[in-house]
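This report concerns only the one structure given below.
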Amino acid sequence: MKILVVGSGGREHALTWKLAQSDLVSEIVSAPGNPGMAKHGELADVAAEDIEGLVPLANDIDADLVIVGPEAPLVLGLADQLRARGIPTFGPSADAARIEGSKSWANDIMNRYGIPCPESRTFHDASVAIEYIEAHPQGGIVVKADGLAAGKGVTVPETATEAIEAVTDAIEHRAFGEAGETIVIEDRLHGPELSVFAFVDGETVSTPVAARDYKRAYDGDTGANTGGMGAYTSPNLCSPTDLDHIRSTILDPIARALVEEGCPYQGILYAGLMLTDKGPQVIEFNCRFGDPECEPLMLRLDSDLAEICLAVAEGRLADTPVAWNNKRAVGVVVVSSTYPEAYETGFPISGDLPLENDAIVFHAGTSENEEGQLVTAGGRVLVATASSNESVQEARTKAFEIAEGIEFEGARYRSDIAVGAD
Ligand code: AMP
Ligand code: GLY
């Protein structure tokens, strides 16, 4: 089958790498793709958010399946438009993607269907939000832009002043544009965080798998929030009993809720959880794979990704195996020096970029210059990913060896990804 992959990051390179191993796949086209994805097929020069360009592209190339990597085109309705033209699509409709695209909508559904999440209130008016903040203990709340804000819309303030600043920035100064015209204030939860992923097709939820990501820019979880500086996955992150509990209290109920709300979910569901002393609670849902969680996760997927994605698109997930192996896998993101602040791009990349089964460099923000040389083109540039049958620490050592071998001006990575994990 011919597959169109939408997106150009490390997540999409990892998906493409996995798809290329499938006997079912004859051709992969990526839009817009990256130089890593180009090793697996043609690149089409259409941006991931260009819905008007992507729909005719899928038609023209006669795609048997479209796999949408990032959230933005899903929230904009790409999956709806493709399905309306009879093209099987992996990724939720715009209505179902509101699970990520509107935090107030997601919280409302969770409250109505009894899915564990923090207490929350929605505000459109800064002065009303400020009154609410002043009536709450300092450090007890979290302020979130309602809409998509590229991972930057959440503030965890220690003081009322910081909380008020976050509210005025979002509502009055439009720091996140329309996405922050509405804000959600949630009770602050405490506990370790865990990301859980499952394929979902209507009411059918696949075997889930867990990963942990590192969002802050610098070692020791310091610095600004980023899209993600690294991630790891291990069967020891969450026991089968705990995963079953998460499935029965969170994943199954949200899938059923979306069916009942008239917007059945089709794609990969990402639940961002906090493991509190009252049990796991949802701090966010995302409507796509995490990036960089996807990169190590693809090293643990034993089943055929193309078969799974087609089954999800055609409503046959219940009859399709989804098996995660017991490997441990670690992804270390090599970033441009000052990411997530402004950074320069266009620096030549050198070093060894392996593409083996257990030691892989996925491209995230790279391009080729006019001389055909690989250069930096984004904040998150490459993701050094490695797996081990034995331990997270063995996978971690390999991933860092690869990261050290990557050279470009200002290249930097966090040195504590998966430290101490098993
Ligand atoms: P998000 O962009 O929703 O992933 O949120 C970014 C980070 O904010 C999360 O990874 C958490 O560390 C933190 N966070 C979000 N919601 C809460 C909450 N209700 N309580 C405590 N921390 C939170
Ligand atoms: N790694 C966090 C995210 O993809 O949202």
Side-chain angles (χ1 to χ4, degrees), residues 7 9-12 14-15 69-72 74-75 97 99-104 106-107 110-111 115-121 136-137 139-158 162-163 166 170 176 179-180 183-197 210-217 221-233 267-278 280-297 330-333 335 340 362 364 379-380 383 385 414 417:
R11 167 181 48 209
E12 289 77 23
L15 293 173
E71 62 279 15
L74 294 166
V75 169
I99 197 103
E100 172 166 5
S102 168
K103 293 191 191 278
S104 56
N107 285 350
M110 286 192 275
N111 284 322
I115 295 164
C117 62
E119 287 278 323
S120 70
R121 284 256 322 255
H136 275 73
I141 53 155
V142 176
V143 179
K144 300 184 171 184
D146 186 59
L148 295 185
K152 299 194 176 106
V154 176
T155 310
V156 185
E158 293 305 333
E162 272 178 64
F176 310 108
I183 58 151
V184 170
I185 300 186
E186 279 178 9
D187 282 359
R188 180 167 173 185
L189 303 177
H190 296 277
E193 288 181 43
L194 188 71
S195 306
V196 174
F197 299 86
R212 178 157 288 160
D213 77 332
Y214 293 72
K215 290 202 173 78
R216 302 293 195 109
D221 281 334
T222 56
N225 259 322
T226 69
M229 295 291 294
Y232 77 92
T233 172
I268 181 92
L269 180 65
Y270 165 162
L273 307 178
M274 200 160 260
L275 308 177
T276 72
D277 51 14
K278 294 198 201 98
Q281 302 211 28
V282 178
I283 53 174
E284 62 169 343
F285 277 121
N286 292 318
C287 65
R288 34 88 195 170
F289 266 113
D291 193 352
E293 292 96 318
C294 183
E295 290 86 317
L297 281 173
V330 176
V332 175
V333 186
V335 301
F362 292 118
R380 297 190 289 172
V383 186
T385 312
R414 264 181 74 160
I417 306 302

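Each ligand, and each atom within it, is numbered from 1 in the order the structure gives.
Residues Met274 and Gly191 share a closest heavy-atom pair of CG-O, 3.6 Å. Shortest non-hydrogen contact noted between Glu162 and Val156 is OE1-O, 4.4 Å.
Residues Lys215 and Met229 form no side-chain contact, since every pair of their non-hydrogen atoms from C-beta on lies 4.5 Å or further apart. Contact annotation: the side chain of Leu273 never approaches that of Ile283 to less than 4.5 Å [non-hydrogen atoms, C-beta and beyond]. A heavy-atom distance below 4.5 Å is not found between the side chains of Val184 and Arg121. When side chains are defined from C-beta on, Leu269 does not count as touching Cys287, because their heavy atoms never get closer than 4.5 Å.
Residue contact check: Lys215 has heavy atoms under 4.0 Å from atoms 4 (O), 10 (O) of ligand 1. Those atoms of ligand 1 with a heavy atom of Leu189 less than 4.0 angstrom away are 18 (C), 20 (N), 21 (C). Atom numbering of ligand 1 starts at 1 in the shown order; those under 4.0 Å from a heavy atom of Pro118 are 19 (N). Ligand-side atoms of ligand 2 in range of Gly227: 1 (N), 2 (C), range being under 4.0 angstrom from any heavy atom. Taking every heavy atom of Gly290 and a limit of under 4.0 angstrom, the matching atoms of ligand 2 come to 4 (O).
Checked against a 3.5 angstrom limit, the closest N/O atoms of Glu293 and ligand 2 fall inside it. Remark: ligand 2 and Arg11 share no N or O pair separated by less than 3.5 Å (distance only, no angle test). For a threshold of 3.5 Å applied to N or O pairs, the pair formed by Asn225 and ligand 1 contains no separation below that value.
Residue contact check for ligand 1: Gly272 places no non-hydrogen atom closer than 4.0 Å to it. At a 4.0 Å cut-off, not a single heavy atom of Gln281 sits close enough to ligand 1 to count as contact. Ligand 1 lies within reach of Lys103, whose nearest heavy atom is under 4.0 Å from it.
Between Glu12 and Arg288 no salt bridge is recorded (no basic side-chain N to carboxylate O distance below 4.0 Å). In summary, Arg414 and Asp221 engage in a salt bridge, as defined by a charged side-chain N under 4.0 Å from a carboxylate O.
Using a 4.0 Å cut-off between heavy atoms, Glu193 contacts ligand 1 through its side chain alone, with no backbone atom that close. Counting heavy atoms closer than 4.0 Å to ligand 1, residue Glu186 contributes side-chain atoms (C-beta onward) but none from N, CA, C or O.
Here the heavy atom of the protein found nearest to atom 3 (C) of ligand 2 is Arg288 NH1, 3.4 Å. Nearest to atom 2 (C) of ligand 2 among the protein's heavy atoms is Asp213 OD2, 3.2 Å.
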